[in-house]
Visitor: 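Supplied in structure tokens, the structure appears directly below.
Chain identifiers are assigned alphabetically (A, B, ...) following the order of the sequence lines, protein sequences preceding nucleic acid strands; residue numbering begins at 1 within each chain.
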Protein chains: 2
Amino acid sequence: MAGDISIGELSRRAGVKVTTIRFYEGAGLMPAPPRSEGDRRLYDAGHVRRLSFIRHARELGFEMEDLRTLLELSDRPGGSCGPVDEIAGRHLAAVEDKIAKLTALKGELSRMLATCSHGAVAECRVIEALADHSHCGGEH
Amino acid sequence: MAGDISIGELSRRAGVKVTTIRFYEGAGLMPAPPRSEGDRRLYDAGHVRRLSFIRHARELGFEMEDLRTLLELSDRPGGSCGPVDEIAGRHLAAVEDKIAKLTALKGELSRMLATCSHGAVAECRVIEALADHSHCGGEH
DNA sequence: GTTGCATCCTATAGTCACTGTAGGAGCAAG
DNA sequence: CTTGCTCCTACAGTGACTATAGGATGCAAC
């Protein structure tokens with residue numbers, strides 16, 4: 001099981017930068033692995049799996065705090081997956097919310113650009129739209 | 001023109017926190033205003049307009065660096081609004097890109113949750129999907 | 001055996017856009 | 001005069017890293 005993978009090799013296999021791996025170790029997401037005589041970190045296949053899990057979850061936008069819980073749960077396969085669903089569900093809702101906000105934003109930006117006559121700043125619709133916050137829900 | 005607005009009043013009028021206003025001053029987005037005898041900042045209607053502009057642009061996701069350029073341009077109304085369009089266009093593209101990514105993400109999260117049987121962690125599809133990065137474009 | 005280079009080590013500071021806290025001073029009302 | 005709010009500066013903390021400095025190690029070529 002101990003294939004003795006260096007941090008650089010782990011980095012390549014999981015697609016996570018070396019410095020980020022060390023950062024994850026300090027943050028408690030990755031365990032402190034055994035060391036070689038020359039004080040270098042020695043990883044194995046289990047570490048590759050764990051780091052890939054972390055990478056994927058981070059790409060999906062899960063926060064490190066969520067990750068801590070998720071990793072803890074996946075380490076104890078006997079427990080209920082209710083908390084996992086809860087975290088994923090909460091995250092899904094946040095993603096949907098963000099999509100809605102960005103879509104509204106896209107509309108506003110497109111409209112700004114479409115109505116701009118591309119002349120002088122004085123008549124620029126973009127600047128005007130940014131200065132005018134009458135229709136952006138600014139509570140005075 | 002000098003209505004002598006306190007930082008708290010400016011905060012309420014523009015919808016930006018007091019601490020954030022001071023931060024913007026340090027960051028060069030807001031000018032250092034005149035002070036009262038007791039060393040308090042004294043703002044006027046122009047400051048309210050400028051801060052509202054900043055707030056709106058920030059809400060639309062423009063970065064402070066973009067804001068610096070945008071503010072500089074809006075201060076010189078005679079110039080061409082080409083750079084403004086360029087910044088807004090670049091930002092619109094970034095927003096569209098983000099929407100696309102989040103939509104894909106939403107699909108993956110929904111699928112994960114839908115296929116989970118809500119039993120033990122051992123059979124949890126969510127954990128499994130996170131551990132398996134075969135279909136997430138992970139190079140190697 | 002030594003030279004040279006890639007990789008590794010720790011520790012610290014910087015990023016962005018703020019937010020929070022500590023420890024005071026100013027000011028208006030009761 | 002005291003209470004309580006607003007204001008002041010200065011600095012530390014957030015999240016999730018990234019970058020840099022200044023070495024030590026390991027391995028292959030010469």
Visitor: Using whole Å, what does the distance between atom C1' of nucleotide D:dT6 and atom CZ of B:Arg35 come to?
Guide: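 Interatomic distance, CZ of B:Arg35 to C1' of D:dT6: 14 Å.
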Visitor: State, yes or no, whether a side-chain contact exists between A:Glu96 and A:Leu92 at a heavy-atom distance under 4.5 Å.
Guide: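 A side-chain contact exists here, since the closest heavy-atom pair is under 4.5 Å.
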Visitor: Once you round it to whole Å, what is the distance between P of C:dA17 and CG of B:Leu67?
Guide: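 So the CG-P distance, B:Leu67 to C:dA17, works out to 9 Å.
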Visitor: Strictly below 4.0 Å, heavy-atom distances to any atom of DNA chain D: list the hits from residues 18-27 of chain B, or just say none.
Guide: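 Contacting residues: B:Arg22.
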Visitor: Using atom types as modelled, flag every donor-acceptor pair under 3.5 Å from a side chain in residues 27-37 of chain B to any protein atom, sequence neighbours excluded.
Guide:
unit_1: B:Arg35; atom_1: NH1; unit_2: B:Asp39; atom_2: O; d: 2.9
unit_1: B:Ser36; atom_1: OG; unit_2: B:Gly38; atom_2: N; d: 3.2
unit_1: B:Ser36; atom_1: OG; unit_2: B:Arg40; atom_2: N; d: 3.1

Visitor: Given axes from five pairs at either end, by how many degrees does the helix from C:dG1-D:dC30 to C:dG30-D:dC1 bend, rounded to 10°?
Guide: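 Here the local axes at opposite ends form an angle of 20°.
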Visitor: Not counting sequence neighbours, which residues clear salt bridge (charged side-chain N to carboxylate O under 4.0 Å, His left out) with B:Glu86? List them please.
Guide: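 Only B:Arg90 meet the salt bridge (charged side-chain N to carboxylate O under 4.0 Å, His left out) criterion with B:Glu86.
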Visitor: With a 4.5 Å limit on heavy-atom distance, are the side chains of B:Val16 and B:Ile54 in contact?
Guide: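 Not in contact.
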Visitor: Consider the side chain of B:Ser6, meaning its heavy atoms from C-beta on, and name the nucleotide among C:dC8, D:dC7, C:dC18 that approaches it most closely.
Guide: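 My answer, after comparing the listed nucleotides, is D:dC7.
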Visitor: Send over the distance from A:Arg40 CZ to C:dT10 C1', rounded to a whole Å.
Guide: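 After rounding, the reported distance stands at 13 Å.
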Visitor: Please name all residues satisfying ring-ring contact (aromatic ring centres under 6.0 Å, His included) with B:Phe62, sequence neighbours left out, ordered by chain then number.
Guide: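 Counting only residues at least two positions away or on another chain, B:Phe62 forms a ring-ring contact (aromatic ring centres under 6.0 Å, His included) with B:His91.
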Visitor: By nearest heavy atom, map B:Met64 and B:Glu37 onto DNA chain C; which one lands nearer the 5' end?
Guide: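 Whichever sits nearer the 5' end wins; that is B:Met64.
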Visitor: Sequence neighbours excluded, which residues qualify as salt bridge (charged side-chain N to carboxylate O under 4.0 Å, His left out) partners of A:Glu25?
Guide: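 Residues passing salt bridge (charged side-chain N to carboxylate O under 4.0 Å, His left out) with A:Glu25: A:Arg41.
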